[in-house]
Amino acid sequence: MKKINLFMICLLYSVAVNAQTVTLTGKQLRIVWQQTSGGWKVKDFRYANQPVAIPSGEYTILYSADKPADTSGIHFQRANGLPWPDTNYHYQINAWKQATTPVALNTAGQAIHFYPSQAKQVSPTEVVFTWASDQATLTATWTLDPQYEGDIRVALHVECKKPGYYSVCSPSAVTIDKQDLAWAVMPGYFQGNEFGKNMVLSYAYGQGIPEMPVLYRERCASSFCPIITTKENISVAVIPDPGSGRDPWESDHNTHQLWQLALSHLNRRAALSPTMYYPVLGEPGSLKQQGDKINYSYRYSLQKGEWHHLLTHAVNDVYEFKKALSLRKNKQSLTSRVEQMHHYLRDRKTSLWNIKDFHGLTIGGQSYLGGVVGSKGDAIKNADYGAMWMLANTSGDQFLKDSVLPYALNFKLAQQQTNPGFFQGAATGQYYLSASQVFTEEWGDFVEPVSLTYYVMLDLGNIILFEPGNDTLKNRLALGADLLLKWQKPDGSWEVAYDRHTLQPLFTDLKDLRPTFYGLMVAYRILHKEAYLKAARKGADWFIENAVNKGHFIGVCGDARYAPDFATAQSAQALSDLYDLTGDKKYQEAAIRTARMYLTAVYTQPLPSSKIKTVKGVPREDWQISQAGLSFEHGGIIGSANGAGPIMLCSHAGMFVRMFQLTGDSLFIEMARAAAIGRDAFVDSATSVATYYWNAMNKGAGPYPHHAWWQVGWITDYLLSEAQLRSGNQIVFPRGFVTPKVGPHESYGFAAGKIYGEEAKLVLQEGLVECDNPNVEYIVGKNAQKTFVVLLNDLGEKVTAKIKVNTSAAQITDMQTGKKIHDLNMVMPGYGIKVLMIQ
């Protein structure tokens with residue numbers, strides 16, 4: 001027995017001594033592969049001299065002799081046990097069908113798992129592996145990136161030996177134990193710190209990490225970098241090289257739907273490991289003949305710290321998002337757009353303005369030609385009440401004051417139920433159907449607490465800021481606030497909706513992970529009742545615990561069955577405003593975390609270029625129609641971005657500027673500017689109204705004329721936020737409340753602000769200032785003696801602009817230097833600001 005033991009020990013020692021290894025060694029990374037009977041496996045993987053998760057190195061190729069089926073036969077249920085999809089929501093049915101094919105669920109084809117059979121140490125920073133089978137041969141070249149110490153570049157070359165469909169997966173350098181998970185992000189689809197118990201919630205709503213190794217398409221992958229952060233505070237991502245994904249507009253038509261690469265948080269064995277699949281099995285690029293080749297490259301990227309640092313690296317360093325900003329130029333300034341939209345909105349014909357009767361009350365609203373249940377083309381609505389009152393007051397437009405605002409106010413009063421009952425104080429619906437003289441919701445006969453926050457509390461609150469003596473509106477605001485108190489659950493939350501007839505909760509498979517608590521903040525700020533603030537804080541505390549801390553959200557678009565949307569950005573602003581009210585840092589910290597999650601709702605791919613493309617017969621440079629920099633209406637697997645791409649309504653831009661000023665995180669300001677600047681290809685030249693969906697290109701307001709109000713609102717919020725940032729808080733105008741539904745932009749103009757210590761009212765006076773450079777914006781403020789002109793350079797490079805101020809001014813002074821100005825030919829540095837005082 002002793003002889004056998006001694007023999008075995010000697011044998012094992014001999015094997016260990018003779019075992020071969022290859023190594024990549026850099027300043028931060030060290031990877032050791034060891035030859036085993038099964039091939040070359042990763043033995044040790046270290047970053048900053050710290051072991052990273054579970055070493056693996058397993059490769060996978062998917063193969064199918066025949067085209068995979070387009071249906072899986074797998075059925076899913078909602079959290080309440082009801083079948084999914086909900087057939088009342090037809091926009092989502094086809095998206096769900098596409099998301100549950102065998103390819104999308106990653107069950108299609110034969111999975112060939114292997115470790116390389118040969119390895120060659122080319123240099124201390126490069127190793128080449130090879131492998132061969134009956135189906136294919138593979139060569140994989142691993143190289144440490146010389147510029148980024150946490151990156152490993154990998155180039156895969158596969159030669160196919162037999163006809164069929166192929167997909168080559170990025171090998172699993174490491175896998176992560178589920179118990180070691182701190183956070184996972186699939187940009188555009190989900191984020192969170194735990195696996196979901198229900199596939200509908202995790203896969204369709206992004207609430208929890210899907211347990212199946214599903215494949216995500218690039219059409220809604222905002223950034224190509226699935227990231228996993230371990231409890232040891234190391235973040236790991238796989239980042240495909242630019243050009244790997246589909247180009248949404250390849251040449252002269254929409255190619256947004258093409259599927260060239262897939263991303264997953266799990267490998268084919270369902271082990272936690274960021275993974276790339278290229279090409280996608282069953283898609284056109286995957287059909288190969290004998291001798292055909294597949295080549296692609298990507299990088300593993302590691303950093304110490306939270307996931308968002310790695311996101312910034314992927315976006316700016318790999319996909320050159322910040323660099324692409326230099327391509328952007330305006331043909332029309334944002335200021336000019338607001339001035340021209342003023343004309344559009346005061347024209348009853350172009351804005352589709354209607355005056356209707358509601359049981360003897362004359363109400364006004366704009367035609368809504370999109371889908372509303374029960375509509376016969378007779379639906380009307382109003383959008384941004386803060387922007388309506390702001391534009392009327394800053395412009396002094398008597399037509400708006402006399403012929404629009406009173407009827408819009410009547411619409412608002414009619415929209416709120418005042419009769420006793422379960423819904424007393426609620427908004428009975430966003431839309432008014434004039435033929436049947438009823439208010440209704442977009443997609444059903446129900447009432448939502450968040451709609452009470454939106455269409456009573458926010459709208460009335462913004463109006464009251466301009467009409468502080470209006471006691472009727474204050475009473476209506478209190479009626480709404482009291483109903484929010486009544487409907488609030490003991491834990492601080494609210495139901496998603498109530499059936500209008502049975503009064504029972506609806507959508508019981510979902511939680512109200514939206515900023516419903518904001519309505520009580522509005523009530524407190526105006527009515528100063530402590531009970532409202534206490535309840536708002538209780539609601540916000542529940543929201544932080546159940547939404548922010550978990551990365552779970554739902555949206556506010558009824559036609560998308562509340563897929564997560566721009567309400568997430570609005571939640572960030574709501575929490576920030578609550579911090580302003582209370583001074584409690586936990587709300588500011590939650591606001592920052594929520595805003596960072598919303599960074600993943602902004603496209604950063606593909607890389608914009610100057611390549612000439614054709615759009616409806618018009619030559620366009622690629623950057624002019626680029627998706628990069630634009631956000632979703634709603635993304636994920638059931639959101640509108642799957643078919644329509646992103647939107648031009650950039651409500652988040654001002655909030656992102658404020659977040660940059662708060663955090664110094666440059667991605668916020670870069671994304672704000674990329675959203676706002678150089679989007680002329682989507683702006684109707686006749687009205688200056690931008691189209692809504694990317695795929696419509698230049699179509700103006702189309703069936704959504706009320707969107708012009710939102711555009712006036714977000715542009716004003718963005719420009720004033722930039723002015724405050726660039727002036728170092730020397731230009732500050734009081735902000736009102738966020739707009740309903742579409743995001744976090746806030747109203748202005750109800751009170752005077754400060755411009756370098758001088759009190760000034762915000763003014764929109766077309767023709768007062770003329771500027772010959774569309775890349776220079778101008779903001780005007782006035783007091784009894786002085787006019788102030790704030791000039792902003794939209795570009796990151798020096799510009800010149802000839803300014804003309806049409807006033808009989810005695811003198812013009814540069815407020816930043818105190819020097820008198822005699823020449824209005826301005827030279828402005830990149831993202832510069834110049835402030836003129838005219839006396």
**Q.** ring pair (Phe, Tyr, Trp, His ring centres under 6.0 Å) evaluation trace for F190 with H265
**A.** CA-CA 10 Å; F190 73 79; H265 55 300; 5.1 Å; yes
To check you understand the geometry: which heavy-atom pair defines the closest contact between [X] and [Y], and what is its length?
X    : Y    : answer
H634 : D565 : CB-CB, 3.8 Å
K293 : G291 : NZ-O, 3.5 Å
R328 : S626 : NH2-CB, 4.1 Å
P210 : M199 : CB-SD, 4.0 Å
Q627 : G645 : NE2-CA, 4.3 Å
W249 : K613 : O-NZ, 2.6 Å

Does some side-chain heavy atom of [Y] sit less than 4.5 Å from a side-chain heavy atom of [X]?
X    : Y    : answer
W96  : I637 : yes
Y166 : L62  : no
P187 : C225 : yes

Does a salt bridge link [X] with [Y], judged by any charged N lying under 4.0 Å from a carboxylate O?
X    : Y    : result
D70  : K97  : no
D86  : R78  : yes
K322 : D317 : no
D134 : K162 : no

Q. Is there a donor-acceptor contact under 3.5 Å linking the side chains of Q624 and D680?
A.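 Absent: no donor and acceptor within the cut-off.
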Q: Using ring pair (Phe, Tyr, Trp, His ring centres under 6.0 Å) as the criterion, point out the one residue from Y298, F45, Y300 that pairs with W142.
A: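 Exactly one option meets the ring pair (Phe, Tyr, Trp, His ring centres under 6.0 Å) with W142, and it is Y300.
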(Q) As a quick check of understanding, evaluate ring pair (Phe, Tyr, Trp, His ring centres under 6.0 Å) for Y598 and H652, giving each step before the final call. (A) CA-CA 9 Å; Y598 196 71; H652 64 282; 5.7 Å; yes
Using the ring centroid of each side chain, check whether [X] and [Y] are separated by less than 6.0 Å.
X    : Y    : value
Y148 : H313 : yes
Y603 : F632 : yes
W84  : H75  : no

With a 3.5 Å distance limit and no angle check, can you tell me whether [X] reaches the backbone of [Y] through a side-chain donor-acceptor pair?
X    : Y    : result
Q257 : N642 : yes
K67  : S64  : no
S123 : E126 : yes

Q: Take T229 and S235 through the side-chain hydrogen bond (donor to acceptor under 3.5 Å, both in side chains) test and state the conclusion after the steps.
A: CA-CA 4 Å; T229 303; S235 293; 2.7 Å; yes
Calculate, to the nearest 0.5 Å, the distance between atoms [atom1] and [atom2] belonging to [X] and [Y] respectively.
X    : Y    : atom1 : atom2 : value
I554 : R561 : CD1   : CZ    : 9.5 Å
L281 : E283 : CG    : CD    : 9.0 Å
L599 : D665 : CG    : CG    : 6.5 Å

Over 12 foreign heavy atoms within 6.0 Å of [atom1], [X]:
X    : atom1 : value
K178 : NZ    : yes
K288 : NZ    : yes
K304 : NZ    : yes

Q.
If you apply the rule side-chain contact (heavy atoms from CB on, under 4.5 Å), what do you find for Q135 with I61, and how did you get there?
A. CA-CA 9 Å; Q135 287 96 348; I61 293 177; over 6 Å; no
Q.
Pair S286, S167 - check side-chain hydrogen bond (donor to acceptor under 3.5 Å, both in side chains), show working.
A. CA-CA 6 Å; S286 68; S167 181; over 6 Å; no
Q.
Both conditions, 6.0 Å and 45 degrees, for the charged tip of K120 above the ring of F129: are they met here?
A.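 Checked: cation-pi criterion not met.
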Q) Cation-pi between K41 and Y115: NZ/CZ under 6.0 Å from ring centre and within 45° of the ring axis? A)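 Yes, a cation-pi geometry holds between K41 and Y115.
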